[in-house]
Amino acid sequence: MKKKAFEQRIEQLKEQLSKASYAYYVLDEPIMEDEIYDHLYRELQDLEQNHPELIRPDSPTQRVGEYPAKGFQSVKHFVPLYSLENAFNLEELRQWESRWQKLVKPPEKNIYVCELKIDGSAIALTYIDGILTRGVTRGDGISGEDITQNIKTIQSIPLKLNWINPPHRVEVRGEAFLPLDEFAKLNQEREQKFANPRNAAAGSLRQLDPRIVRQRRLSFFAYTLHITESPQSQWECLDLLEEIGFLVNPHRALVSSLEQVELYYQAWETERKNLSYLTDGVVVKLNNLDLQEKLGFTRKAPRWAIALKYPAQEMPTVVKAIAVNVGRTGIVTPVALMEPVQLAGSIVQRAILHNQDRIKELDIRVGDTVIIRKAGEIIPEVVRVIHELRPANSISYQMPDCCPECAAPLSANETVIRCLNNSCPAILKGNLIHWASRDALNIFGLGEKIVEALIKAKLVQSIADLYQLQLNQIAALDRMGEKSAKKLINALEASKMQPWHRVLYGLGIRHVGSGNAKIISQQFASPELLSQATIEQLKAIPGIGNEVAQAITHWFSIAAHLELLERLKSLGFSLKAQKIEIEQTVTPFAAKSFVITGTLPNLSREQAKSFIEKYGGKVTETISSKTNYLLVGEKAGSKLEKARNLGVTILSEAELMEMAGSELVVESKETAL
């Protein structure tokens, strides 16, 4: 093949892969199977390795740098990236409108664009002749840090604009954020938890190794466009951003009065809880760009836009006790047990205190009155202690010296305190729950309550013991019975067919997440091969660092772990990597698109999503003509009416189960599927 033919093939591959990424990450409508994408990607990779002079910055292979950065350089923004003025109630919003209307005459219609305020990190992107050349953090608004290598890992940011004749320089502003399911997955894999998705996104963007950033699967919504000949309105800018390849938040509205802004704000105060990402308010912008230019900026913010924030719920309560939890890796975490209080839609009576340093920082004691809130509206946290209300003779809290579950001495390493007894009941419970989780062995019906009952009855002392349970033993447990016991036995038997990468993740090796496990299993296709791997060999795998490599080699150095793998093999596990590791189950849900609204009678929203995905379906956030089914519970929102107008099939939870040919077994809404 001559050089020109190589060039043509490379361009073809780049175009195909870019279209596939756009369809998958932006439109949420895949046009290509993962195996085909991987095959084409490898072909492009091979061609570029053999002809490095043909590598271009818009190639999909250039999304991740090969080496960690040594630091981030401070650079000046081409266009200042100002923060927005905040309004915390509707009266402040009206005052803002009054201020700008004193300076310019308002238009008669289409005055405002309302957009959801995404809780993430503001990013400025620069494209030269249509190619992404720079990505910069907000910083102080005048200058920020150049994190281009990390920006390139975000799949919803195009490396090349879908624009035949783009302006020489295009500036795009938007918000990088971590979807809630990715946040949950990331925290599951970390010992030191992120407090909320916003902190996780910001921390990820400042990682020196872009390979780590890629693993965290951030996303990006574009909301501002700066070009020499701009459209006439913000609404047109958003449409153009979509046309040239960006993910733009679909929940925007063009309105002609402040009353309509208020209705939008009030509607999303409830509906935002059903989104797959966090939003903490509504951004209101004047739609007319000429008016924006006339109004200009104050020293800190644009006059033509404002962020109307939702109230951050904080509530006082009293600390009744400080206890400690022991996790599956043995980490001992202090927890404040409090008088129950209603907070952000749920009853809260526990808040994680993280470690001894956080306890000292708060100076929190039993009997204290504290202010709590939900960090990112998810995790209850103690904000501060009201020391003036502290009872007399209170005593500072000290972490225990021995494990509260097994009485073994605790090991302290900097801020981390850990139980090292692998027979500790708390560690066993955590390991079994992790083994049964969706991304691991996905054992339907083996939830926390059943695991606790099995341990209490002394029926299991390791993962392998699950597969030697007898029907009568399970049926005798509280809340089970013969029918549920049969289902659990069947689910355990079915889990033996799971591929090696799921087993590897399920083993609970520190720092090995579901993504890492899949990558590692491709290089070391069995436990025998992985047990012989050196730290250097593991570190040679893209995305695997020293911490992960050391954790794996340490895990395989323990005789009890090798015995567990031998037992699993003798119980019927193949423990070999599959060439294609995508579950291909033909079900009534295959290639079907679902949207969920309202409160279901038995399943939580996450459980319903997991169930649909387990049987081959896809769950999206928004109703469109391409949606096949709307799953409806009580207090359904506006999605129900929209589904009716579009002719989308509406299902109840019972009808969903009937379609799947499955009977529902739910212990509680907290039980993992």
Side-chain angles (χ1 to χ4, degrees), residues 22-30 115-121 154-157 174-188 194 196-202 204 215-223 242 246-252 267-283 310 344-346 374-379 437-439 514-515 589 592-600 603-614 617-624 626-633 636-639 642-643 669 672-673:
Y22 176 72
Y24 186 89
Y25 291 103
V26 178
L27 300 180
D28 198 21
E29 296 175 357
E115 303 171 53
L116 296 179
K117 186 177 183 297
I118 308 303
D119 202 8
S121 292
I154 302 176
Q155 295 282 354
S156 51
I157 294 178
E175 201 83 4
F177 64 94
L178 194 64
L180 294 177
D181 56 348
E182 295 297 334
F183 171 69
K185 196 179 298 182
L186 175 61
N187 260 0
Q188 186 181 36
F194 282 115
N196 54 58
R198 181 184 63 254
N199 290 355
S204 298
Q215 291 173 2
R216 294 186 179 176
R217 300 174 67 85
L218 278 79
S219 192
F220 178 84
F221 280 132
Y223 53 67
E242 280 189 317
F246 285 95
L247 183 62
V248 177
N249 194 283
H251 306 299
R252 55 188 188 269
W268 279 104
E269 185 168 13
T270 301
E271 190 64 23
R272 67 196 177 108
K273 295 171 185 175
N274 297 327
L275 295 170
S276 60
Y277 47 85
L278 285 184
T279 176
D280 58 354
V282 170
V283 176
Y310 290 114
S346 63
K374 281 190 178 179
E377 298 186 7
I378 298 177
I379 305 170
S437 65
R438 186 183 70 178
D439 290 337
S514 56
F589 297 175
K592 301 296 183 183
S593 173
F594 290 76
V595 174
I596 305 170
T597 186
T599 303
L600 301 174
L603 294 174
S604 68
R605 189 173 293 264
E606 186 57 37
Q607 285 178 318
K609 181 180 178 183
S610 300
F611 185 86
I612 290 166
E613 291 174 346
K614 178 182 177 183
K618 180 180 72 171
V619 178
T620 62
E621 292 290 342
T622 55
I623 291 276
S624 73
K626 296 182 180 180
T627 304
N628 298 108
Y629 299 104
L630 178 69
L631 179 59
V632 177
S638 59
K639 293 176 182 176
K642 188 171 182 180
K669 288 200 175 186
L673 287 173

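Nothing fancy with the numbering, it's 1 onward along the sequence.
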Considering non-hydrogen atoms only, spot the tightest contact between Ser121 and Ala201 and give its length. OG-C, 4.4 Å
Between Lys639 and Ile596, which heavy-atom pair has the shortest distance, and what is it? NZ-O, 3.9 Å
When rounded to the nearest 0.5 angstrom, what distance separates [atom1] in [X] from [atom2] in [Y]?
X      : Y      : atom1 : atom2 : value
Lys117 : Tyr223 : NZ    : OH    : 8.5 Å
Glu242 : Leu247 : CD    : CG    : 8.0 Å
Glu175 : Arg198 : CD    : CZ    : 10.0 Å
Thr279 : Glu271 : OG1   : CD    : 12.0 Å
Lys592 : Tyr629 : NZ    : OH    : 5.0 Å

Any side-chain to backbone donor/acceptor pair from Thr627 onto Phe594? Under 3.5 Å, distance only. no
Quick one: side-chain contact (heavy atoms from CB on, under 4.5 Å) partners of Asn249, sequence neighbours excluded? Leu116, Ile118, Phe221, His251, Tyr277
Name the residue from Leu186, Leu180, Leu178 that meets the side chain to side chain contact (heavy atoms under 4.5 Å, CB included) definition with Glu182. Leu178
Set of residues satisfying ring-ring contact (aromatic ring centres under 6.0 Å, His included) with respect to Phe220, sequence neighbours excluded: none
Quick one: do the Ser204 and Arg216 side chains pair a donor with an acceptor below 3.5 Å? yes
Residue pair Ser276 / Asp181, side-chain heavy-atom distance below 4.5 Å: no
